[in-house]
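Counting convention: from 1, in listed order, for ligands and their atoms alike. Model, not experiment: these values are computed from the prediction.
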Amino acid sequence: MKKAISLAILISAGAIMGTALAQSGGQAAAGVPADVQAVFKNHCVRCHTGSKPPKGLSLIPSKVEAIIDAPSAGVPDLLLINTKDPGSSYLLKKVRGGEGITGKQMPPGKVLPAEDMKVLEAWIAGLK
Ligand code: HEC
């Protein structure tokens, strides 16, 4: 009897997860996924907003799609988000810090938490 109950729980949990996956897939197709927008909102939009954002880079939800495959201002040879070569994306380089960037690591004076970094990396890798 116990086995039958836990099997039923497993099956319904699977159904719920299936629905959640289908929903998140739908959101991605409609634009920038909610988890990516949340990273920008929590760590970037404080500065990257308004009519004159730093380096012309606004990260409010309605502007994010415009930076996909668009050149950066700091290193114009590099695209902010490079869908063909995700690792070369200038936005990721600015968040990681280190060589190959002009100006500061983003967000200035802080380091983006590793889980947020993963959200950005997975999003860009999935744009191919
Ligand atoms: C405290 C304000 C502030 C915050 C918060 C901030 N930035 Fe910036 N950002 C700047 C300033 C100022 C510049 C221009 C100077 C520089 O490049 O260091 C800049 C430049 C950039 C550039 C270069 C754009 C280009 O085309 O050259 C990128 C990419 C960037 N920021 C991404 C981010 C991301 C992603 C976040 C959040 C994880 C973030 N920034 C958070 C102030 C901020």
Mind listing the closest non-hydrogen atom pair of [X] and [Y] along with its distance?
X: Cys47; Y: Pro54; result: O-CD, 3.3 Å
X: Ala125; Y: Pro86; result: CA-CG, 4.0 Å
X: Tyr90; Y: Leu78; result: CD1-CD1, 3.8 Å

Just need the protein heavy atom nearest to [atom], so name the residue and atom and give the distance.
atom: atom 12 (C) of ligand 1; answer: Pro54 CB, 3.8 Å
atom: atom 38 (C) of ligand 1; answer: Cys44 SG, 2.6 Å
atom: atom 29 (C) of ligand 1; answer: Leu57 CD2, 3.5 Å

Next on the checklist: Closer than 3.5 angstrom, by distance alone: can the side chain of Ser89 be matched with the main-chain N or O of Asn82 as a donor-acceptor pair?
Outcome noted: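 Such a contact is found between Ser89 side chain and Asn82 backbone.
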Next on the checklist: Check whether Asp116 reaches the backbone of Leu112 with its side chain - one donor and one acceptor, N or O, closer than 3.5 Å.
Outcome noted: no
Can you tell me how far [atom2] of [Y] sits from [atom1] of [X], rounded to the nearest 0.5 angstrom?
X: Ile67; Y: Ile81; atom1: CD1; atom2: CD1; result: 4.0 Å
X: Met106; Y: Ile101; atom1: CE; atom2: CD1; result: 7.5 Å
X: Leu92; Y: Arg96; atom1: CG; atom2: CZ; result: 5.0 Å

Please state which option from [options] has its nearest heavy atom closest to [atom].
atom: atom 16 (C) of ligand 1; options: Lys94, Lys55, Arg46, Gln105; value: Lys94
atom: atom 20 (C) of ligand 1; options: Lys41, Lys93, Met106; value: Met106
atom: atom 43 (C) of ligand 1; options: Ala70, Gly56, Cys47; value: Cys47

May I ask you to check whether [X] has an N/O atom sitting below 3.5 Å from an N/O atom of ligand 1?
X: Ser72; value: no
X: Gly74; value: yes
X: His43; value: no

Have a look at ligand 1 and work out which part of [X], if any, has a heavy atom under 4.0 Å from it: side chain, backbone, both or neither.
X: Ala73; value: both
X: Ile101; value: neither
X: Val39; value: neither

Checklist entry - Counting backbone and side chain alike, does His48 bring an N/O/S atom below 2.8 Å of atom 8 (Fe) of ligand 1? => result yes
